[in-house]
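Source: prediction; values computed, not measured. Values reported hereafter were calculated over all heavy atoms of this structure, with side chains retained and with hydrogens, waters and symmetry mates removed.
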Amino acid sequence: MQYAVELYYDKETESRLFELAKMVADRKISTKFMEWKTRPHLTLACFNDVDETLCVERLESFAQNHKTMPAYIGSVGMFNDTKTIFVSPVMNSRMYQFHKDLHEHLKDFDANGWEWYCPDRWVPHCTIALTREDEKEAFFQASDVILRAFEKVRGQFTSVGLVKIVFPVKEIYSVELCN
């Protein structure tokens, strides 16, 4: 089974980002992101398999030693090959260190094949629309909607969680970061 560790936003920021995804779905351009039933997030790591109990213990320990961080979402981007549209945080050294520390904390789990989520290769992004399975024009229509509606967002990263990558996504555990 495949798993991901995700970084979550405060409720207000999460709601604002969710509204962007909902706009695309409400216009019947693409509904796949909504069908996954996932929260707006940054994926920090992906693993082929984990011991769920051990991973939860490690996330608990990790969260106790890491503080909430400012989240400044300043841009819209896309992965053309997967037809994914996303918003991105402005990166800083604290976020890079947080990501690196998490991978060190979870280094025993199998991340083979998920190298794009490893330190020094990570492209932090918050998916808003998944249009690969839609008509070709959906990617461009969804991009247009998101680009027109997007406004920079200031919020906080407040928690981390473990999810099982199944359809829809199953959240196994989440824990608040320190204040």
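How far NE2 of H99 is from CG of L7: 10.0 Å, rounded to the nearest 0.5 Å. For the atom pair W116 CH2 and F79 CZ, the distance stands at 9.5 Å (nearest 0.5 Å). The distance from atom CZ of F167 to atom NZ of K32, rounded to the nearest 0.5 Å, is 4.5 Å. Residue C126 holds its SG atom at 12.5 Å from CD1 of I85, rounded to the nearest 0.5 Å. Between the CD1 atom in I165 and the OG1 atom in T43 there is a gap of 7.5 Å [rounded to 0.5 Å]. Atom-to-atom distance recorded for I146:CD1 and F86:CZ is 11.0 Å, nearest 0.5 angstrom.
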Verdict with reasoning, N48 to Q2, per side-chain contact (heavy atoms from CB on, under 4.5 Å): CA-CA 5 Å; N48 294 316; Q2 296 174 333; 4.1 Å; yes

R27/V145 under side-chain contact (heavy atoms from CB on, under 4.5 Å): CA gap, chis, key distance, verdict: CA-CA 9 Å; R27 289 185 167 102; V145 167; 3.3 Å; yes

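Remark: side-chain polar atoms of H103 are paired, donor with acceptor, to backbone N or O of L44 under 3.5 angstrom. In this structure a side-chain-to-backbone donor-acceptor pair under 3.5 Å is missing from S159 to L177. Under a 3.5 Å cut-off, the side chain of T131 and the backbone N or O of K83 do form a donor-acceptor pair. Judged by distance alone, with hydrogens and angles left aside, the side-chain atoms of H105 form no donor-acceptor pair with the main-chain N or O of D101 at under 3.5 Å.
Listed here is the closest heavy atom pair of V175 and E60: CG2-OE1, 3.8 Å. Between G161 and L59, the closest heavy-atom pair is C-CD1, 4.1 Å. Contact between M95 and N92 at its shortest, heavy atoms only, is N-OD1, 2.8 Å. Taking all atoms of both residues into account, the shortest heavy-atom contact from T13 to R154 is OG1-O, 4.1 Å. Of all the heavy atoms in C46 and A4, the pair that sits closest is SG-CB, 4.1 Å. Of all heavy-atom pairs spanning V153 and E151, the tightest one is CG2-O, 3.2 Å.
With Y8 as the aromatic partner, R39 meets the cation-pi criteria of under 6.0 angstrom to the ring centre and within 45 degrees of the ring axis. For the pair R58 and F109, the distance from NZ or CZ to the six-membered ring centre is under 6.0 Å and the angle to the ring normal is within 45 degrees.
Placement of Y72 and M91 in two distinct hydrophobic clusters is found when ILVMFWY residues are connected by side-chain heavy-atom separations under 4.5 Å, directly or transitively. Under a hydrophobic clustering in which Ile, Leu, Val, Met, Phe, Trp and Tyr are joined whenever their side-chain heavy atoms come within less than 4.5 Å, directly or via other members, L130 and V123 fall into different clusters. A continuous path of hydrophobic side-chain contacts links V50 to V166 [ILVMFWY only; heavy atoms under 4.5 Å]. At a threshold of 4.5 Å between side-chain heavy atoms, the hydrophobic network of Ile, Leu, Val, Met, Phe, Trp and Tyr places L147 and V90 in two separate groups. Both Y96 and F62 sit in one connected hydrophobic cluster of ILVMFWY residues. Membership requires side-chain heavy atoms under 4.5 Å apart, directly or through other members.
Side-chain contact between F139 and I29 is absent, with no heavy atoms from C-beta onward closer than 4.5 Å. Taking 4.5 Å as the limit, every side-chain heavy atom of R132 sits out of range of all side-chain heavy atoms of T84. Within the 4.5 Å cutoff, the side chain of R94 has heavy atoms near those of the P70 side chain. Considering only heavy atoms from C-beta on, D110 stays 4.5 Å or farther from F47 through its side chain. With a 4.5 Å cut-off on side-chain heavy atoms, F33 and V24 do not count as touching. You'll find the side chain of V87 reaches within 4.5 Å of the side chain of F150, heavy atoms only. Counting heavy atoms from C-beta on, the side chains of P89 and F157 come closer than 4.5 Å. Residues H66 and F98 meet the side-chain proximity criterion, which asks for heavy atoms closer than 4.5 Å.
Salt bridge present: E104 and K107 bring a charged side-chain N and a carboxylate O closer than 4.0 Å. One finds a salt bridge joining E52 and K164 here, because a Lys/Arg side-chain nitrogen approaches an Asp/Glu carboxylate oxygen to under 4.0 Å. Between E115 and R121 there is no salt bridge, since no side-chain N of the basic residue sits under 4.0 Å from a carboxylate O of the acidic one. No salt bridge links E19 with K22; every basic N to acidic carboxylate O contact stays at or beyond 4.0 Å.
Side-chain rings of H41 and Y9 stay apart, their centers remaining 6.0 Å or farther from each other.
The aromatic rings of Y117 and W114 lie tilted to each other, with the angle between the two planes from 30° to 60°.
Surrounding CG of N80 are more than 12 heavy atoms belonging to other residues, nucleotides or ligands, all under 6.0 Å away. Annotation for K67: atom NZ does not count as buried by contact number, only 12 or fewer foreign heavy atoms lying within 6.0 Å.
Side-chain N/O atoms of D10 and T158 include no donor and acceptor closer than 3.5 Å.
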